Amino acid sequence: MSEEEINNTLARICRVLASIPSGHVVTYGDLAAMAGFPKGARLAGQQLRKLPKDTKLPWHRVINAQGRLSLPEPRASYQRELLQSEGVSFLKGRIDMAKYRWRP
DNA sequence: CCTATGACTGCAA
DNA sequence: TTTGCAGCCATAG
């Protein structure tokens with residue numbers, strides 16, 4: 001891996017993303033911070049948007065700080081299915097952050 | 001170089 | 001609880 005790649009924003013985001021365990025979620029802000037961008041929540045979303053539709057990375061484990069999905073339909077429904085399939089439940093359209101938020 | 005644009009946030013009202 | 005908005009920051013034009 002070239003030095004340029006490990007400093008690439010997307011690569012850093014992906015590395016953290018890949019470490020999120022199934023059944024857990026993180027916020028955009030968390031993802032960015034863990035990748036070295038303390039205030040890069042929007043940046044995280046911008047990078048996730050670049051991922052190919054068929055990526056193997058767990059992009060669906062990233063939700064907003066309100067415990068809601070920030071994706072427009074119909075992607076949001078797909079994301080909700082993926083999360084529910086790995087045990088993350090929704091209550092009144094929201095995810096219980098205290099219960100599922102992942103912190104190393 | 002400068003402005004616009006978001007899969008965002010936290011806080012004030 | 002909901003809404004509005006300034007702050008944020010790499011990217012794109």
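Quick caveat: nothing in here was measured; it's all calculated off a predicted structure. For the numbers below, each heavy atom of this structure counts, side chains included, while hydrogens, waters and symmetry mates do not. So that the names make sense, note that chain A is the first sequence line, chain B the second, and so on, each numbered from 1.
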For Q66(A) and dG4(C), what is the distance between atoms CD and C1' respectively, to the nearest whole Å? 14 Å

Check whether any side-chain N or O of R49(A) sits under 4.0 Å from OP1 or OP2 of dA7(B), and answer yes or no. yes

If you draw the axis of the six-membered ring of W59(A), does the NZ or CZ of R75(A) fall within 45° of it and under 6.0 Å from the ring centre? yes

Under a 3.5 Å threshold, yes or no: a donor from one side chain and an acceptor from the other, between E73(A) and S77(A)? yes

Under 4.0 angstrom, heavy atoms only, what part of the nucleic acid is L71(A) near: base, sugar-phosphate, or nothing? base

Sub-4.5 Å side-chain heavy-atom contact between V62(A) and L48(A): yes

When the distance from CG of L43(A) to C1' of dA12(C) is rounded to whole Å, what number comes out? 13 Å

Would you say T9(A) places a side-chain N or O within less than 4.0 Å of OP1 or OP2 belonging to dT11(C)? yes

K39(A) NZ to dC8(C) C1', in whole Å, measures 8 Å

Do H24(A) and E86(A) have side-chain N/O donor and acceptor atoms under 3.5 Å apart? no

For Y78(A) and dA7(B), what is the distance between atoms OH and C1' respectively, to the nearest whole Å? 15 Å

Side-chain atoms of Q46(A) come closest, of dG6(B), dC9(C), dG10(B), to dG6(B)

5' precedence on DNA chain C between G40(A) and R68(A) (nearest-nucleotide basis): R68(A)

Between CD of Q47(A) and C1' of dA10(C) the distance, given in whole Å, is 7 Å

Is it true that R103(A) and D30(A) have a side-chain N and a carboxylate O under 4.0 angstrom from each other? no

Nearest-nucleotide pick for S70(A), side chain only, options being dA7(B), dT9(B), dC8(C): dA7(B)

Rounded to whole Å, NE2 of H60(A) lies from C1' of dA7(B) at a distance of 14 Å

How long is the line joining CD1 of I13(A) and C1' of dA7(B), in whole Å? 12 Å

When the distance from CZ of R42(A) to C1' of dC5(C) is rounded to whole Å, what number comes out? 11 Å

